[in-house]
There are 2 protein chains.
Amino acid sequence: MKKNAEACEITYVDEKKVKKVQREMLREKAVETISDMFKALGDYTRLKILYALSKEELCVRDLSSLLETSISAISHQLRVLRNLRLVKPRRQGKVVYYSLDDDHVLSLLQIGVKHAEES
Amino acid sequence: MKKNAEACEITYVDEKKVKKVQREMLREKAVETISDMFKALGDYTRLKILYALSKEELCVRDLSSLLETSISAISHQLRVLRNLRLVKPRRQGKVVYYSLDDDHVLSLLQIGVKHAEES
DNA sequence: TGAACAATTGAATAATTATTCAATTTTTCA
DNA sequence: TGAAAAATTGAATAATTATTCAATTGTTCA
């Protein structure tokens, strides 16, 4: 991502309105946290992983065969989701089972499904 | 994105469970629609645009000064959001005002904010 | 009409990121 | 102990995408 040069010469159409919204805007930190979560859901593989895990706790290999994606690719994406604390692992012997670890993900998925049904 | 080669040799840990989840999985079309929406929310600039528009109807220039991002960059992102029917334009003379055009976006933003507050 | 402003657009560039491949870690069990 | 299985990891590659820059479209109004 590149930064803008145009920003120094700020001109408004409706300065009052802009200032008002400016006060209501999200903090940078919140923007990061929120967009990271949406970014996680905004990828085919990760969305399918999360959706599958909303139905069943699954191990890496089963996710791999379910989504027809390599073990390694699944594992990389699981790490992304783990770092965001959206899923959690449970080790049982050699096998690592994953499940959802965030109350909001399920709500988001449901809204997503509703959105898809209506369009 | 690349496709996997590993997929031909499918092995299961728990075939029954995989088959069950397979039946419950989303259709490819739905996965696309849903992840497109989340992808839209998963970018700093677009997330801020949508959040700002949830507070006020705004024109391109005001979004540009509010987010300190070039007119052109904003316009490109607005097109993405327009194509997904997440925002809608309203022309008044030379100025184009944008507002939210999807009932789900607001719900998603609210869950996002809640998520950020809890982490 | 034509100058000025708002916004859009296409192409190019700069960044980001998903997947692959090879190597490694962790655990089981023969 | 050591071979085998499951998963993770790092580096490289392949794709995708956000922003910039320059040119253009659409609209107003003097």
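The chains referred to below are lettered A, B, ... by the order of the sequence lines, with proteins before strands, and numbering in each begins at 1. We use all heavy atoms of the structure for the numbers below, so side chains are in, but hydrogens, waters and symmetry mates are not. Not measured: the values here are computed from a predicted model.
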Which nucleotide in the list dC21(C), dA6(C), dA18(C) gets nearest to the side chain of S72(A)? dC21(C)
Return the nearest nucleotide to the side chain of S75(B); candidates are dA7(D), dT8(C), dT19(C). dT8(C)
Out of E24(A), E28(A), E32(A), which residue meets the salt bridge (Lys or Arg N to Asp or Glu O under 4.0 Å) rule with K48(B)? E28(A)
Rounded off to whole Å, could you give me the CG-to-C1' distance for the L81(B) and dT8(C) pair? 15 Å
Contact under 4.0 Å: R91(B) side-chain N or O vs dA6(C) OP1/OP2: no
Using the ring of each side chain (for Trp, its six-membered ring), is H104(A) parallel, tilted or perpendicular to H115(B), with breaks at 30° and 60°? perpendicular
Which nucleotide wins on minimum distance to the side chain of V60(B), given the candidates dT19(D), dA7(C), dT26(C)? dA7(C)
Testing dT8(C), dA6(C), dT20(D) for proximity to the side chain of R61(B), the answer is dA6(C)
Is the distance from OP1 or OP2 of dT20(D) to the nearest side-chain N or O of S70(B) less than 4.0 Å? yes
Of the listed nucleotides (dA6(D), dT17(C), dT9(C)), which one gets closest to any side-chain atom of H76(B)? dT9(C)
What is the separation between atom CG on L58(B) and atom P on dA7(C), rounded to the nearest whole Å? 11 Å
S75(B) side chain vs S72(B) backbone, donor-acceptor pair below 3.5 Å: no
Mapping V80(A) and G93(A) to their closest nucleotides on DNA chain C, which lands nearer the 5' end? V80(A)
Base, sugar-phosphate, or nothing: which does Y98(B) touch, judged by heavy atoms less than 4.0 Å apart? sugar-phosphate
Starting at atom CG of L63(B), determine the distance to atom P of dT8(C), rounded to an integer number of angstrom. 10 Å
For V18(B) and D62(A) the tightest heavy-atom approach is CG2-CG, 3.4 Å
Just the rounded figure in Å: distance from P of dT17(C) to CZ of R79(A). 14 Å
Distance below 4.0 Å between T45(B) side-chain N/O and dT19(D) OP1 or OP2: yes
Of the nucleotides dT9(C), dA18(D), dT20(D), which has the atom closest to the Q77(B) side chain? dA18(D)
Tell me: CD of Q92(A) to C1' of dA7(D), nearest whole Å? 15 Å
So, S64(A) side chain and T69(A) main chain: donor-acceptor pair closer than 3.5 Å or not? yes
From CZ of R90(B) over to C1' of dT27(D), roughly how many Å is that when rounded to an integer? 15 Å
Rounded to whole Å, please give me the gap between CG in N83(A) and P in dA18(C). 13 Å
Give the rounded distance in Å between these two atoms: NZ of K39(B) and C1' of dT16(D). 9 Å
Starting the side chain at C-beta, find the nucleotide from dA6(C), dT9(D), dT20(D) nearest to K94(B). dA6(C)
